[in-house]
2 protein chains.
Amino acid sequence: MDYAVAMTDPAPSARLEDVARLAGVSIVTASRALRQPEKVAVPTRERIAAAAASLGYVPNLVAGALASARSGVIAVLLPTITSSIFASTIDGLTQKLEAEGYAILMAQSGYDATREQHVLTALLGRRPEGVVLIGSPMSEPSRTMLAAASRGGMVVIETWELPADPIDVAVGFDNGGVGTAAAAHLLGQGRRELGFLGGNDSRARTRWQAFRRAAEQAGAVAVAGEFAAPATMDDVVEAHRAGTLPPGLLAADGIFASNDVHAVGMLSVLRQAGRRVPDDVALIGLGDLAIGRHVVPALTTIAIDGYEIGRLAACAFLARRRGEAVGHSDVGFTILRRESG
Amino acid sequence: MDYAVAMTDPAPSARLEDVARLAGVSIVTASRALRQPEKVAVPTRERIAAAAASLGYVPNLVAGALASARSGVIAVLLPTITSSIFASTIDGLTQKLEAEGYAILMAQSGYDATREQHVLTALLGRRPEGVVLIGSPMSEPSRTMLAAASRGGMVVIETWELPADPIDVAVGFDNGGVGTAAAAHLLGQGRRELGFLGGNDSRARTRWQAFRRAAEQAGAVAVAGEFAAPATMDDVVEAHRAGTLPPGLLAADGIFASNDVHAVGMLSVLRQAGRRVPDDVALIGLGDLAIGRHVVPALTTIAIDGYEIGRLAACAFLARRRGEAVGHSDVGFTILRRESG
DNA sequence: GCTTGTTATGAAAGCGCTTCCATTTGCAGT
DNA sequence: ACTGCAAATGGAAGCGCTTTCATAACAAGC
C-alpha cells in the first residue's frame, strides 16, 4: 500500500527551507550560503553545504528566476537544427554562456514565418534574458514582439546577417559582399555563364542579388536555382531527377552554391550529368563544412567562422548585461580555393 | 532626462493583472480565458482577448511554471551539437513536443563526465518535466541525480542505447547487434583482417566488443582504432598524418567505422594511402548520414533512424505524462549496401 | 561610555501566476 | 414558490525562491 503510493505519488524534492531547517539557520542564510558564500560565516556555510548535500538539494531555478526577475536563460531561434551549418554557432554560444550559468532554450522556425511567430511567443514567455536569431525575424509581428522585448530589457541578437536596421545587436557578415566575391572569383577564371543555387531565405536572396549584379556588370549571364528551404544534399539530386532545376544551371560553367550542403549535392548532379568539375564547370560553396574537404574534387568554398559568430554573440550579450554599449560585429569571410574551381 | 531614464530603466511588460483590469474582470478569469477558453462566457472571453492583444501581453511562463509545478520544459543532454548524427533525433523530438507547447532546453556534455554532471545540475534546477539523454549518464553521481529526479516524477529517457538497467525508459537499438552485423557483413565478403574505428563512448565500445567477438569466432583478425571523442572527419585524417592510427587498421581489408563521419574521414585516409575501396578494402559506416550518399564510392552503412528515436522518445514522454506505463523501444537497424563494401 | 561602523543573521514582502474553494446568477424541475 | 444544479466568476492562498530592510552582536574610535 505504502509502496503503491510511493509509485504514484512522486516524492517532492527538497526545498531551501528543508536545507535551512536541517542546518539550523533561516532560509535567507541558506540562500546566501549557496549564492554568495563570502557573506556567510565559514562554520555556518559548511553546515549548510552539508545539509544541502545530504538532502540532495537541487535549487529550484524556476522559483529563483521568478523572484529575481533573471531567468538565466538564452533563447536560440534557428531555421532548422538539421542544417549543420549553424551547429558551430550554437556551439560557440554555449561554450561561453554555459560557463556563466546560462541555459539554452532552443527552437526551430522551419523557415516558416507563422511557425516562427508561434515559437517565438513560446520562447518569450519563458522570459529569456537574450534571444539569438539566425538571421532576422521573418515577419513583421515577430519583429514587433522582439522590439518590444528589447525595450523591456531583453538582449536581441541577429546573426549571420548584418541588417541595415537591426533590432538591437547584430553579429554576422556581408552577405552581399559574399555574392559579389563569389561572382568575381568565377569571372576571374574566365567563366561566363554563372549559376546560383540557394535557399529562399533572405540571406541567400541577398547573396543572389549581389551575385547577379556582379555577373551582369561583367557582361556574363547568371541564372538562379532556388529551393524551398531547407534543402538537403538529396533535395538537390532529387530536383535534378525531377527536372525542376533550371536548365541554365546545368549548362553553366561556373556555379555558386550558397551553402556547402547544396554544393555537395550539386557535385553529385554534375557527376551524373557527365560534367567534369572543375574542367567543364567550376563550383564554389559557402560555409567551409568538413565535408567539403573530403569530397572529390575538394570543394572550393567561402569560409564563414560560424563558431566565432556564436562566440561574439555571447560576448555581446554579456557586455550588454554589464550595461556596456554594443555595436555590430562583422566576422568577414575568406575564399578557400581548393579543387572544384 | 526622461529619455535617459527610459533607456536605462526598461519598461516592465504587461501582467495578467493589467489585462484583467483593462477587461474589467478578475485575474482568475483572465487566466482561464487564456488557458481554458470554454470555461469563460464568450463576450467576456473576447474582451479579455482584446485587452491582451492591445497590451501585447505575453504570459509569464516562469510564474506559471512555479504556480502549477509544470515547467513545460524538456531537457536534452547530448554529447555535442556539432555531431550531426544526433540532430535528427532532436528534430524528431521537437516536432512532436513543440506542438504540445513544450520548450527544449539543450546542453552539451562534450563527452566529459564532470561537465555532464555540472550541466545536468543546471538542467535539473530548471525542473524539466523530462530529460532526454543521448546514451546513458557517464558517471555514478549523474545517474543518482537522474534516478532521484525520476522518483520525483520526472521522465528520464535514455536514447541510442538499450541499457540492461535503464533508469526509466529507453529508446534505442542493439549496439552489440550492430557490431556483430557489421562483422558478419564484412566476413561474408571474405574479408579476414577487420578494423574498427570509433569513439570511446560506451555505445562505440559496445559495438567494438561485439565486432571483435564475431571476428574472432570466425577466426579473423580484428584491430581497433579508438578516438578521444568527439572525432570529426578531419580528426581521422589528422590521426593518420600524425601516425597515431593503429597500423593494422591501414592494412585491414574490411573496416567498420562506427559513425559515418569517421567513415568519410577514413575514406580520405585510404585514398591518400593508395588503397582502393572496395577492391582492396571494404568500408562500412553507421548512421546513414546524407554525406555517405554523396561521396565516391558511395558509403555502405548501417542505417539508424535517428528521427524515429526522437519521435518515439517524445511519444514515450507524452504517454508517461498521461500516466501510462512505457517500456523500451528498439528502432532496429538496417544495412544499406552501397559501393564501399 | 557612547557613537559609528562592520559583520552575520533573520523577518517579511513579494515575483506573476495557478489552484482550490467559495459565491453569485439563471433556470430547469416539481 | 422552493430546491437543486450547472455555468460564470472571484477571493485567497501559496509555488520556492530573492530582495529589501531590520536587528543583533561586537570591534574600533574619540
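Chain naming here is simple, since letters A, B, ... match the order of the sequence lines and numbering starts at 1 in each.
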Sugar-phosphate, base or nothing in reach of B:Ile27, heavy atoms under 4.0 Å:
base

Nucleotide D:dG16, atom P - distance to CZ of A:Arg35 in whole Å
17 Å

Tell me which nucleotide among D:dG10, C:dT18, C:dC17 gets nearest to the side chain of B:Ser68.
C:dT18

Taking atom P of C:dA8 as reference, at what distance in whole Å does atom CZ of A:Arg47 sit?
14 Å

Integer-rounded Å distance: D:dG16 P and A:Arg21 CZ:
12 Å

Closest of C:dG14, D:dT19, D:dT9 to the B:Val40 side chain is D:dT9

How long is the straight-line distance from CD of B:Gln95 back to OH of B:Tyr307, given to the nearest 0.5 Å?
4.5 Å

Distance check, rounded to the nearest 0.5 Å: A:Arg126 atom CZ versus B:Leu61 atom CG?
4.5 Å

Are OP1 or OP2 of D:dA8 and a side-chain N or O of B:Thr44 less than 4.0 angstrom apart?
no

Nearest-angstrom distance from the residue atom CZ of B:Arg127 to P of D:dC15
14 Å

Rounded to whole Å, CG of A:Asn60 lies from C1' of D:dT18 at a distance of 12 Å

Does the pair B:Glu17/B:Arg21 count as a salt bridge with the N-to-O cut at 4.0 Å?
yes

B:Arg32 vs C:dC17: side-chain N/O to OP1/OP2 distance below 4.0 Å
no

Which listed nucleotide (C:dC15, D:dG11, D:dT19) is nearest to the side chain of A:Ala67?
C:dC15

Salt bridge B:Glu98-A:Arg115, side-chain N to carboxylate O under 4.0 Å
yes

Given D:dT20, C:dT18, D:dA8, which nucleotide is nearest the side-chain atoms of B:Ala41?
D:dA8

Could you check whether B:Ala69 gets within reach of a base, just the sugar-phosphate, or nothing at all, counting any heavy atom under 4.0 Å?
nothing

To the nearest angstrom, how far is B:Leu66 atom CG from D:dT18 atom C1'?
12 Å

Nearest to the side chain of B:Val25, which nucleotide is it out of D:dC17, D:dG10, D:dA8?
D:dG10

Supply the atom-to-atom distance A:Asp168 CG to A:Arg151 CZ, rounded to the nearest 0.5 angstrom.
11.5 Å

Looking only at side-chain atoms of B:Tyr57, point me to the closest of C:dT19, D:dC17, C:dC17.
C:dC17

Base, sugar-phosphate or nothing for B:Arg70? Non-hydrogen atoms, less than 4.0 Å.
sugar-phosphate

Would you indicate which nucleotide in D:dC15, D:dA12, C:dA11 comes nearest to any side-chain atom of A:Ser26?
C:dA11

Taking for A:Gln36 and for B:Glu38 the nucleotide of DNA chain D with the nearest heavy atom, the one nearer the 5' end belongs to B:Glu38

Which atom of B:Glu116 lies closest to which atom of B:Ser136, heavy atoms considered
OE2-O, 4.2 Å

So if I take every side-chain heavy atom of B:Thr29 and compare against C:dG16, D:dG10, D:dT19, which nucleotide ends up nearest?
D:dG10

Tell me the interatomic distance from B:Lys39, atom NZ, to C:dT19, atom P, rounded to whole angstroms.
11 Å

Between CD of B:Glu17 and C1' of C:dG16 the distance, given in whole Å, is 9 Å

